[in-house]
Enquirer: 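The structure is given below, and queries will be raised subsequently.
Throughout, numbering of the chain's residues begins at 1 and tracks the sequence. Just so it is clear, the values below take in all heavy atoms, side chains as well, and ignore hydrogens, waters and symmetry mates.
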Amino acid sequence: MGEVEVIHLWSTPRSLSTSLMYSFAQRDDMEVLDEPLYANFLRVTGYDRPYREELLSKMEPDGNKVIKDIIFAPGKKKYRFCKHIAKQKVPGLASDLMKKGRHFILIRNPLDILPSYDKVIPATFSELGFSELVSVYNELKELGRPPPIIDAAELQKDPEATLRGLCEDLDIPFEHKMLKWEACPKAIDGVWAPWWYKTVHKSTGFESARKYPLPFPFTLYDLLEQTTPLYNFLRRHVKQKSLLLMSPLPTPDLPVPANEKLLAWVGDEILPRDSAKVSVFDSVVQGGDSVWEGLRVYRGKIFKLDEHLDRLFDSSKALAFQNVPTRDEVKGAIFGTLIRNGMFDNAHIRLSLTRGKKVTSGMSPEFNLYGCTLIVLAEWKPPVYDNTSGITLVTATTRRNAPNNLDSKIHHNNLLNNILAKIEGNNANAGDAIMLDKDGFVSETNATNIFLVKKGKVLTPDADYCLPGITRATVMDLVVKEKLVLEERRISLSEFHTADEVWTTGTMGELTPVVKIDGRVIGDGQVGPVTRRLQNAYKKLTEESGVPIPTYQDTKK
């Protein structure tokens, strides 16, 4: 008899935990315990079971004795595998349970658990134990021992790869014998096996999931709603997910890593990034039926907030939105989101207002009976273009929408026209793409308004086909204040090719120099003096104006 290294499995019921126990039991270096804390759980909670009296008579009911004298007792083998159901971790158990041994968590989608659960006892939130499983994860993480998590769907899809990865995480060698066992009851089974293990007793290994699932019992729909978020929380921490559970692409790096943890406003609440979602019945999903604004935050103030809100409400009125939130409600959501995130400078807000959720899928706004959905997405985001050295542009073959098709003065979310042009720009390795109107005159780029300088005169296309941007209007005012000549008219592409200077304007990128268009160098290929002059004037304006964010204290003054 010697010291044994304990491996703890934590799961909810009906999660293939017994199959996993059988898998580990095939090893010659492993002894196995089936839910050693079950009797203590029944004693403490008073829960009824068809086998309660038999279980209490055959198992040690004192949890701390179990931990000391059974789980961590000396043994003849190198390892001891303990299968635990998370809800059986009741208060009063010795801390050694979590501090000692190697732990991992097995999860399963409630959609797959619930259809079979209530064959023995009624399914309830407390019986499933998802909240306790999350607590186990959090406790181990706080101890500096975040446990590996595997999903039952992984075991069913590729048991060998999943077990190899698990064994690597547990720092034990994988053995092929873990993949097969005899189809029969086992001596290691708990006394509850006749009630719960009938299916697994017929198995000889991890069986593939059904090609088509069982119908879901909708009497348990409320329970599904309660448990799914907890499952999804744990699922985000699964080390390796199958193609059934995720995209085959690797997890990308974020442009700004700090945005991995942020809070977004959706509807009437603030949610963590991965929980911030709209309904599949929302109009923005059903048809891109939404309006939006981009805003910037500088030194505790939101630049041009009221102008952006004016356009938001104008766009929603043009699209005949009903039950639109008030201006004060929208401002409150913006301020609340920024304050919660601590975003008071160098931040960008994507503000969206959808027509709202529908009672059934379809195009008609008559189905929108819930009111609009407000989304406030604030991110740490510096200007997205190279405003120091400048960018290159190419001209897209995709033409800008005409007002007789879809008026660009409505700042709507249906951006396919722009996206097609942006694809052309991406394919040419350009910063953006210039879009022409139906007559071949320059309208704007796929994302910004555009200006040129020729012989000291500043020109910009008229707004017949382009969005009359708020940054565009701001720069036009600055041109006048700087005592420069401003002209707004139809401009041909060749005028941009031969300009002395060119720049684009937009909230996300501010004022961006353009040094090459369609292979033609603009001016001398450097950022021009008028561009620099207006960049400085714009920067000064952002420092001096804006709507203050409540509670912000400027410590730099």
Enquirer: Using side-chain contact (heavy atoms from CB on, under 4.5 Å) as the criterion, point out the one residue from I491, V502, V479 that pairs with L459.
Expert: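 Output: one option passes, namely I491.
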Enquirer: What pairs meet the ring-ring contact (aromatic ring centres under 6.0 Å, His included) rule with one or both residues in residues 322-347, with sequence neighbours excluded?
Expert: F344-Y552
Enquirer: Would you check if the side chain of S408 reaches a backbone N or O of Y465 as a donor-acceptor pair within less than 3.5 Å?
Expert: yes
Enquirer: So, does R400 use its side chain to make a donor-acceptor pair with the main chain of E444 at under 3.5 Å?
Expert: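 It does not hold such a pair.
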Enquirer: Return yes if some donor-acceptor pair links the side-chain N/O of T162 with the main-chain N/O of E154 below 3.5 Å, else return no.
Expert: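 Side chain of T162 to backbone of E154: a pair is present.
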Enquirer: Looking at E543 and K539, is there a salt bridge between them, counting it only when a charged N and a carboxylate O are closer than 4.0 Å?
Expert: yes
Enquirer: Can you find a heavy atom in the side chain of V514 that is under 4.5 Å from one in the side chain of F496?
Expert: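 Answer no - side chains too far apart.
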Enquirer: Using atom types as modelled and distance alone, determine if a side-chain donor or acceptor of R235 lies under 3.5 Å from a backbone N or O of P229.
Expert: no
Enquirer: Is the gap between the ring centers of F233 and F130 under 6.0 Å?
Expert: no
Enquirer: Look up atom CG in L312 and atom CG in L295, then write down how far apart they are to the nearest 0.5 Å.
Expert: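 The distance works out to 9.0 Å.
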Enquirer: With distance as the sole test, does N449 use its side chain to make a donor-acceptor pair with the main-chain N or O of G506 at under 3.5 Å?
Expert: no
Enquirer: Could I get the full list of ring-ring contact (aromatic ring centres under 6.0 Å, His included) partners for F451, not counting sequence neighbours?
Expert: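 Once residues adjacent in sequence are excluded, the partners of F451 under the ring-ring contact (aromatic ring centres under 6.0 Å, His included) criterion are W503.
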Enquirer: Show the nearest heavy-atom pair for residues P468 and R311, with the distance to one decimal.
Expert: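 Where P468 meets R311 most closely, the heavy atoms are O-NH1, 3.7 Å.
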Enquirer: Among residues at least two apart in sequence or on other chains, which ones pass salt bridge (Lys or Arg N to Asp or Glu O under 4.0 Å) with R327?
Expert: D306, D310
Enquirer: When you compare the side chain of Y231 with that of D151, does any pair of heavy atoms fall below 4.5 Å?
Expert: yes
Enquirer: Tell me yes or no: between the side chains of D432 and T448, is some donor less than 3.5 Å from an acceptor?
Expert: no
Enquirer: Looking at side-chain heavy atoms only, is the closest gap between P110 and L128 below 4.5 Å?
Expert: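 No; the side chains remain at least 4.5 Å from each other.
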Enquirer: With rounding to the nearest 0.5 angstrom, report the CG to NZ distance, L541 to K481.
Expert: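 So the gap between those two atoms works out to 6.5 Å.
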Enquirer: Under the salt bridge (Lys or Arg N to Asp or Glu O under 4.0 Å) test, which residues partner D274, sequence neighbours left out?
Expert: R236
Enquirer: Which pair of heavy atoms, one from P115 and one from L111, lies closest together, and at what distance?
Expert: CD-O, 3.0 Å
Enquirer: Going by side chain to side chain donor-acceptor pair (under 3.5 Å), name the pairs with one or both residues in residues 433-443, residues two or more places apart or in two chains.
Expert: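 Found D439-R490.
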Enquirer: Look only at the side chain of T460 and the backbone of I450, and say whether a donor-acceptor pair between them is shorter than 3.5 Å.
Expert: yes
Enquirer: Quick one: do R533 and E501 make a salt bridge, cutoff under 4.0 Å?
Expert: no
Enquirer: Under 3.5 Å, side chain of N387 to main-chain N/O of G509, donor-acceptor pair present?
Expert: yes
Enquirer: Does the K454 side chain pair with the main chain of T498, one donor and one acceptor, at a distance under 3.5 Å?
Expert: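 Yes, K454 side chain to T498 backbone: donor-acceptor pair under 3.5 Å.
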Enquirer: May I ask you to decide if T397's main-chain N or O and E424's side chain share a donor-acceptor pair within less than 3.5 Å?
Expert: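 Checked: pair present.
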Enquirer: A side-chain contact here means heavy atoms from C-beta on lying under 4.5 Å apart; do N405 and N417 qualify?
Expert: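 Result no, sub-4.5 Å side-chain heavy-atom pair not found.
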Enquirer: Looking only at heavy atoms, which two atoms of A347 and M343 are closest? And how far apart?
Expert: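 Heavy-atom minimum between the residues: CB-CB, 4.0 Å.
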Enquirer: When rounded to the nearest 0.5 angstrom, what distance separates CG in D289 from CG in L353?
Expert: 10.0 Å
Enquirer: Locate the shortest heavy-atom distance separating R355 from L319; write the atom from each residue and the value.
Expert: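 So the two residues come closest at NH2-O, 2.8 Å.
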Enquirer: If you take all heavy atoms of E482 and A537, which pair is closest and at what distance?
Expert: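 In terms of heavy atoms, the two residues are closest at OE2-CB, 3.9 Å.
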Enquirer: For the backbone of A463 and the side chain of K409, can you confirm whether one donor and one acceptor N or O come within less than 3.5 Å of each other?
Expert: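 Here the side-chain-to-backbone pair exists.
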Enquirer: Taking atom CG of N426 and atom CG of N446, what is their separation to the nearest 0.5 Å?
Expert: 8.0 Å
Enquirer: Any side-chain heavy atom of V475 within less than 4.5 Å of one from V458?
Expert: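 Answer no - side chains too far apart.
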Enquirer: In the structure I gave you, are the side-chain heavy atoms of E293 and I470 within less than 4.5 Å of one another anywhere?
Expert: yes
Enquirer: Closest heavy-atom contact between A499 and I522?
Expert: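 Closest approach of A499 to I522: O-CG2, 3.7 Å.
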Enquirer: Roughly how far, to the nearest 0.5 Å, is the NE2 atom of H308 from the OG1 atom of T507?
Expert: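 Separation between the atoms: 3.5 Å.
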Enquirer: Show every ring-ring contact (aromatic ring centres under 6.0 Å, His included) that has at least one partner inside residues 378-434, sequence neighbours left out.
Expert: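 Every ring-ring contact (aromatic ring centres under 6.0 Å, His included) pair that includes a residue of residues 378-434, provided the two are not neighbours, is W292-H411.
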Enquirer: Within this structure, what is the CZ-CD distance for the pair R489 and E495, rounded to the nearest 0.5 Å?
Expert: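 It is 4.0 Å, given to the nearest 0.5 Å.
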